[in-house]
Structures are given as structure tokens and as C-alpha cells.
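Everything on this sheet refers to the single structure shown next.
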Amino acid sequence: MGIMLYNTLTRQKEAFQPMSGSEVKMYVCGPTVYNYIHIGNARPAIVFDMVRKYLEYRGYNVHYVSNFTDVDDKIIKAANELGEEVPRLAERFIEAYFEDTGALGVDKADLHPRVTETMPEIISFIKALIDKGYAYEADGDVYFSTRSFSGYGKLSSQSIQDLQLGARIEPGEKKKNALDFALWKSSKEGEIAWESPWGSGRPGWHIECSAMVKKYLGETIDIHAGGQDLAFPHHENEMAQSEALNEQEMARYWMHNGYIQIDNEKMSKSLGNFVLVHDIIQKHSPEVIRFFMLQAHYRSPLNFNEELLESAKNSLERIQTTVNNLKHRRRESADFGEAGRWKETASKHLQRFIREMDDDFNSANGITVLFDLIKTANLYLEEKQTSKEVLTSFLDTIREIGSALDIKVETSEGMLDEEIEALMEERVQARKSRNFARADEIRDHLKEQGIILEDTPQGTRWKREQS
RNA sequence: GGCGGUAUAGCCAAGUGGUAAGGCACGGGUCUGCAAAACCCUUAUUCCCCGGUUCGAAUCCGGGUACCGCCUCCA
């Protein structure tokens with residue numbers, strides 16, 4: 001049946017059908033780089049990375065572009081406060097972004113265009129909008145005239161009249177209509193600026209994405225994604241600009257992820273509950289954070305706090321433990337019993353996983369299937385005789401699902417050093433001679449070093465304790 | 001005021017007409033030299049409330065309530 005996805009534009013699930021065969025053009029709005037990213041920024045990074053990887057898993061070739069807003073009011077403000085040059089500050093936080101999202105298992109996009117490197121395209125985009133009568137200059141600023149674009153409001157399903165009520169004109173703005181928005185802003189004395197036909201200034205916020213999408217992916221793309229709050233005004237405005245100029249649909253599918261809350265409250269500076277990824281990964285492993293995020297559907301609101309992370313850690317460990325136990329059993333057991341009724345089990349689970357994920361990237365249900373498989377594998381491990389073939393099918397399937405979601409289903413084994421191996425051997429002898437005091441002493445000693453021993457009918461297995 | 005989202009066990013979270021997935025935590029049991037891991041049992045007669053439609057609703061309709069978000073360059 002193929003992939004179904006929820007399209008914000010039509011407010012329903014639709015069959016996913018890219019424009020050209022298996023090629024998918026996907027654009028995700030990236031961060032404004034003036035600080036470390038917080039946990040709310042991490043969600044779109046993670047969920048759309050998941051979407052991308054799942055599409056690839058399903059055989060699509062994804063062209064993935066995500067921008068950096070590396071010049072805007074907030075960056076200028078932050079730079080002033082720190083007494084740092086804008087480009088240096090932006091560069092610093094771009095590096096931090098890659099570091100943080102990389103830890104969370106987010107792959108780099110194929111391209112990460114920056115505003116400052118897209119200036120010629122932005123300027124000609126604006127010029128073309130003025131020429132077509134969709135934008136006007138006012139004293140060095142350029143505004144998009146929302147009234148001139150008939151489709152304005154269709155993404156957020158609001159009428160111009162309703163929007164008008166909430167809109168206002170800030171002091172100093174020279175727009176004709178409160179709903180108009182800046183394409184180009186003239187610079188103040190001493191501010192970082194670029195030359196343009198309207199004098200020196202910098203781009204407005206929304207125009208960069210329109211220019212970048214067109215430059216790097218084309219006039220129409222398949223998927224345009226971002227946080228829910230970007231739907232209005234950011235995406236609405238992007239869409240208006242692009243469709244006014246190109247006279248064709250900007251994106252076929254619009255995807256928006258739900259918000260993250262901290263203890264059921266909005267994360268905001270005034271509440272002082274900002275959680276930076278940079279900080280939280282000092283205390284909780286980034287793999288757990290990714291797993292936690294994917295345990296909820298991407299469009300649902302998601303509450304975040306450390307207890308929830310702790311619980312997610314235990315859940316993930318259940319998977320890792322089973323993988324470890326499967327590996328141990330396959331290694332230690334000389335059994336090659338009949339596969340029997342277990343033979344098809346893993347592949348059936350894999351089919352279920354695909355069915356769930358095909359339904360609007362429901363990673364929550366995908367992970368449930370993984371747990372069902374874990375349960376089945378654990379039951380199989382209770383059998384006296386196990387077949388290597390079945391053990392391998394369980395292991396391979398768990399790994400396949402793990403890699404489709406890019407969650408960490410197995411812990412790194414590392415090498416045991418000689419001292420530890422010697423102690424384990426000594427303990428085997430101690431247990432044989434029923435010297436349990438010594439055996440327990442060794443087990444406790446190793447536990448202090450993060451090595452956990454478990455005795456099974458197939459011998460002693462070990463695993464490293466997770467941080 | 002306009003637009004939108006969410007309300008399911010102690011906690012998290014699936015489930016859009018067919019009789020409540022899964023995970024975490026808790027309790028009991030099996031296994032074990034003891035543990036650990038695992039398995040088994042137990043844990044929501046019920047899905048925010050009130051009406052309605054239906055043979056049948058957490059799921060559809062009407063009306064409420066609560067919380068959250070957007071309309072303020074905040075993902």
C-alpha cells in the first residue's frame with residue numbers, strides 16, 4: 001500500500017507519491033544559530049532525520065536540505081551582548097549544532113545552505129517579486145503584499161480577515177498593511193549588511209527558505225517540514241512568496257512536528273526551564289533521548305523531564321539486554337536445533353513494523369512491534385534447544401529495525417582486558433568448587449568496574465553497564 | 001476574538017465503529033547456590049463530563065470542561 005503521511009496543507013493523511021519515481025526532495029527548516037540548541041530544537045532534527053532514514057529504508061533516494069539562519073535580529077543582538085562578530089558567533093553555534101545533533105544520531109543533510117551564502121539568490125528573488133507586483137519598497141525596506149496573493153492563509157487555514165485582527169504594525173515598520181511582512185530590512189548604522197538595489201540591509205526571515213528551496217531543490221519539492229509553530233507565519237509566508245513568483249505549488253506535502261513541553265509547561269526563557277541538548281547529554285545518553293522522542297508519534301505533543309528519560313533508558317535497556325543475550329546464546333550454544341515454528345516469526349514482525357511505519361511514520365507503534373519481537377525472542381531464549389538460524393533471524397531483524405530508526409539496539413562490547421578475563425575464569429572455578437563467597441566477591445568487584453555477570457545454563461554471560 | 005492540538009491505568013503511550021497494544025514503575029510466583037536476566041500472574045468492565053446516532057463507540061454527531069500552542073522572527 002505504500003507510505004501514507006499527514007499533510008498539514010490538506011489536513012489529512014495522503015498516499016505519499018513523490019514527483020519523480022523514487023527521488024524525494026525534502027527541505028527542513030533549520031535553526032537560527034545564536035545559542036546552543038534546546039530540546040525543542042532537537043525534536044524536528046530527530047523526527048525528520050527518522051523520516052528521511054525511513055524513506056531511504058523504503059528505497060527512496062532522499063535529497064535532504066536544511067538551512068542555517070546565520071544572520072538575523074537575534075544573532076545580531078547576541079553578538080552585541082557578547083562583543084563578538086556576527087559571523088564568528090554563527091560559526092560557533094553551527095559547529096555546536098552539528099556536535100549536538102550528531103550525538104543524537106542525526107545525520108548531516110546533503111546541503112546546509114546559509115543565508116549569508118545565498119545573498120545573490122535572495123536579492124534576485126525579491127527583485128522578481130517586486131517586478132511581478134507582489135512586493136513593494138518602502139524607504140529601504142521591502143515588504144511582501146499579502147493582499148496581492150490570493151492563496152494567503154491556506155496553509156494555516158485562516159482567512160485574511162481573521163489574521164488581520166491579530167496582526168499589528170511595530171513602531172518603525174513602514175508596511176502598508178499589518179499582515180505584510182519584510183523581505184528586506186534596511187540596516188542600522190554599524191550593523192552587518194549587504195548591498196542591494198534598495199540600499200544596504202539584510203534579508204527578512206522567510207525569504208531565505210524560499211530562495212534556498214528554489215536554488216537547491218527546485219520550484220516544487222516533495223516534503224517541506226518543520227516545527228508546528230513554523231506553520232504560521234513562517235511557512236505560510238514562504239509559500240506565498242514562492243508560489244507568487246513561481247506560479248506553482250511550493251511543496252506537495254507539509255509536515256509539522258508537535259511541541260515539546262517541560263513538565264507540562266511551555267519551555268521559555270521567562271520560566272527558566274530551557275533544556276539545552278548540550279547540557280542534558282552530560283547527564284543522559286543521547287541515544288536514550290533519541291529513543292525517547294521516537295517513542296511518541298511525531299505530531300503529538302510530548303512532555304519532557306528527567307524521570308521520563310530515566311524510564312526511556314530502562315526501556316531501551318530491555319532491548320539491548322535481549323540483543324546481548326541472543327548474541328551470547330548464539331556464541332555459547334552448540335545447539336543447532338530445528339527452527340520449526342519460530343522460523344517465520346522475525347520476518348512477520350518486520351512486516352508489521354513496516355506496516356506501522358508506513359502509516360505516517362508511526363515510530364511509536366514501530367517500537368511497539370520491536371518490543372513484541374523482543375518478547376518473542378526472550379521466550380525463544382527460554383527454550384532448552386535453540387537453532388542458530390532462528391537466533392540469527394531475531395538478531396538480524398532487531399538490528400534492521402534498529403537501523404531503520406537509528407536507535408541503539410546494542411551496546412558496544414569493547415574488549416575485555418586480561419585481568420577481567422582472568423577473574424571471570426577464577427570465578428568459574430570458584431563456583432565449581434562451591435566457593436560462592438569468592439565467586440560473589442569477584443562478581444561484586446567486576447560490577448564496580450561496570451561489568452555485569454549473569455549466570456545461565458549456557459555459561460556465564462557479561463555485559464557492560466550503561467551510563 | 002480567530003485557527004489548531006491534546007484529554008486513555010501510578011507514569012509514558014498506541015488505538016477513528018466491533019468489544020482497551022506496548023513500555024516504565026509496583027506486587028506475587030517460577031528459575032537461580034545467591035543474584036541478574038527472562039518467563040508467568042496481577043494491574044483501566046473502561047478511555048475528561050453530559051446527551052445522541054448505532055445491533056455495537058475510546059473511536060461518529062451535538063453540547064460542555066480542562067490543559068497546551070499559533071495569530072508577537074519561538075522548533
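As the structure is a computational prediction, the values presented were derived from the model and not from experiment. Every chain is numbered from 1 and lettered A, B, ... according to where its sequence line falls, protein lines coming before strand lines.
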For this session: Determine whether any donor atom in the side chain of A:R11 lies under 3.5 Å from an acceptor atom in the base of B:G4, or the reverse, and answer yes or no.
Result: no
For this session: Give a yes/no answer on whether the side chain of A:N303 brings an N or O atom under 4.0 Å of OP1 or OP2 in B:A13.
Result: no
Exercise. How far, in whole Å, is B:A25 from B:C39 if one measures between their P atoms?
Worked result: 13 Å
For this session: Give one of base, sugar-phosphate or nothing for A:I37, where a contact means two heavy atoms less than 4.0 Å apart.
Result: nothing
Problem set entry | Whole angstrom value for the distance that separates C1' of B:U32 from CD of A:Q458 | 13 Å
For this session: Classify the nucleic acid contact of A:L381 as base, sugar-phosphate or nothing, counting any heavy atom under 4.0 Å across all strands shown.
Result: nothing
For this session: Please determine, for the side chain of A:T368, which listed nucleotide (B:A21, B:G23, B:A75) has the closest atom?
Result: B:A21
Exercise. Without hydrogens or angle criteria, can the side chains of A:N325 and A:H328 be said to hold a donor-acceptor pair below 3.5 Å?
Worked result: no
Problem set entry | Phosphate OP1/OP2 of B:G23 contacted by A:R318 side-chain N/O (<4.0 Å) | yes
For this session: Determine the interatomic distance between C1' on B:C47 and the same-named atom on B:C12; round to the nearest Å.
Result: 16 Å
Exercise. On a whole-Å scale, what distance lies between the P atoms belonging to B:G56 and B:U19?
Worked result: 16 Å
For this session: Determine whether the side chains of A:Y380 and A:N378 contain a donor N or O and an acceptor N or O closer than 3.5 Å.
Result: no
Exercise. Planes under 30° and centres closer than 5.5 Å, is that true for A:F371 with the base of B:G22?
Worked result: no
For this session: Write down the distance between CD (A:Q261) and C1' (B:C12), rounded to a whole number of angstrom.
Result: 14 Å
For this session: Determine the interplanar angle of the A:H235 and A:W254 rings, folded into 0 to 90°, and report it as parallel if under 30°, tilted if 30 to 60°, perpendicular if over 60°.
Result: tilted
Problem set entry | Per A:N314 side chain, nearest of listed nucleotides B:A25, B:C34, B:C71 | B:A25
For this session: Under 4.0 Å between any heavy atoms, over every strand shown, what does A:R202 touch: base, sugar-phosphate, or nothing? Just pick one.
Result: nothing
Exercise. If you pin A:R434 and A:V369 to their nearest nucleotides in RNA chain B, which one's is more 5'?
Worked result: A:V369
Exercise. Under 3.5 Å, is there an N or O donor on one side and an acceptor on the other linking the side chain of A:R443 and the base of B:A35?
Worked result: yes
Problem set entry | Any A:N41 side-chain nitrogen or oxygen under 4.0 Å from OP1 or OP2 of B:A75 | yes
Exercise. Base, sugar-phosphate, or nothing: which does A:E310 touch, judged by heavy atoms less than 4.0 Å apart?
Worked result: nothing
Exercise. Looking across every strand, which nucleic acid part, if any, lies under 4.0 Å from A:Y259 by heavy atom: base, sugar-phosphate, or nothing?
Worked result: base
Seminar exercise, completed: Answer for the Watson-Crick or wobble partner of B:U30, both distances under 3.5 Å, is B:A38
For this session: Taking the six-membered ring for Trp and the single ring otherwise, decide whether the centroids of A:F98 and A:F93 are under 6.0 Å apart.
Result: no
Exercise. Considering Watson-Crick and G-U wobble pairs with both distances under 3.5 Å, what does B:G18 pair with?
Worked result: B:C55
Exercise. Using a cut-off of 4.0 Å on non-hydrogen atoms, how would the nucleic acid contact of A:D229 be classed: base, sugar-phosphate, or nothing?
Worked result: base
Exercise. To the nearest angstrom, how far is A:L379 atom CG from B:C41 atom P?
Worked result: 10 Å
Problem set entry | Nucleotide B:C12, atom P - distance to CG of A:L316 in whole Å | 20 Å
Exercise. What about A:D440: does its side chain form a donor-acceptor pair under 3.5 Å with the base of B:G33?
Worked result: yes
Problem set entry | Distance in angstrom units between A:N324 CG and B:A36 P, rounded | 17 Å
For this session: Using a heavy-atom cut-off of under 4.0 Å over every strand shown, decide if A:L302 touches base, sugar-phosphate, or nothing.
Result: sugar-phosphate
Problem set entry | Test item: side-chain donor near acceptor, A:D72 and A:Y34, under 3.5 Å | no
Exercise. Does the base of B:G2 carry an N or O that pairs as donor and acceptor with the side chain of A:Q158 under 3.5 Å?
Worked result: yes
For this session: Compare the minimum distances between each of B:G4, B:A37, B:G22 and the side chain of A:K463, then state the nucleotide with the smallest one.
Result: B:A37
For this session: Round to a whole Å and report the spacing from CZ of A:F361 to C1' of B:A13.
Result: 20 Å
Problem set entry | Contact nearer the 5' end of RNA chain B, comparing A:E454 with A:H297 | A:H297
Exercise. Expressed in whole Å, how much space separates the C1' atoms belonging to B:G64 and B:C70?
Worked result: 24 Å
For this session: Provide the distance between the two C1' atoms, one in B:U8 and one in B:U43, to the nearest whole Å.
Result: 15 Å
Seminar exercise, completed: Against the side chain of A:F232, the closest entry in B:A37, B:C39, B:C70 is B:C70
Exercise. Taking atom P of B:U6 as reference, at what distance in whole Å does atom CD1 of A:I260 sit?
Worked result: 17 Å
Problem set entry | Atom pair CE (A:M255) and CD1 (A:I223), whose distance is rounded to the nearest 0.5 Å | 6.0 Å
For this session: Look at the side chain of A:T321 against the base of B:A37 and say whether a donor-acceptor pair falls under 3.5 Å; ignore hydrogens and angles.
Result: no
Exercise. Is the closest side-chain donor-acceptor distance between A:N362 and A:Y298 under 3.5 Å?
Worked result: no
Exercise. Under 4.0 Å between a side-chain N or O of A:N325 and OP1 or OP2 of B:A37?
Worked result: no
For this session: Look at the side chain of A:D455 and the base of B:C34, then say whether one donor and one acceptor between them are separated by less than 3.5 Å.
Result: yes
For this session: Determine, step by step, whether A:H224 and A:V213 satisfy the side chain to side chain contact (heavy atoms under 4.5 Å, CB included) criterion, reporting the C-alpha distance in whole Å, the side-chain angles of both residues, the deciding distance to 0.1 Å, and the verdict.
Result: CA-CA 9 Å; A:H224 196 130; A:V213 165; 4.3 Å; yes
Problem set entry | Distance test, side-chain N/O of A:K375 to OP1/OP2 of B:C40, below 4.0 Å | yes
Seminar exercise, completed: From the candidates B:G23, B:C39, B:A36, the one with an atom nearest any side-chain atom of A:R461 is B:A36
Problem set entry | Pair assignment for B:A44, Watson-Crick or G-U wobble, requiring both distances under 3.5 Å | none
Problem set entry | Euclidean distance for P, B:U6 against B:A36 (whole angstrom) | 42 Å
For this session: Measure from CD on A:Q320 to P on B:A37 and round the result to the nearest Å.
Result: 14 Å
Exercise. If we take the C1' atom in both B:C48 and B:G29, what is their distance in whole Å?
Worked result: 37 Å
For this session: Check the surroundings of atom CD in A:E117: do more than 12 heavy atoms from other residues, nucleotides or ligands lie under 6.0 Å from it?
Result: yes
Exercise. Which value, in whole Å, describes the distance between the C1' atoms of nucleotides B:A21 and B:A9?
Worked result: 14 Å
For this session: Give A:S300 one of three labels, base, sugar-phosphate or nothing, depending on what nucleic acid heavy atoms sit under 4.0 Å from its own.
Result: sugar-phosphate
Exercise. Within the structure shown, what part of the strands sits under 4.0 Å from A:H256 by heavy-atom distance: base, sugar-phosphate, or nothing?
Worked result: nothing
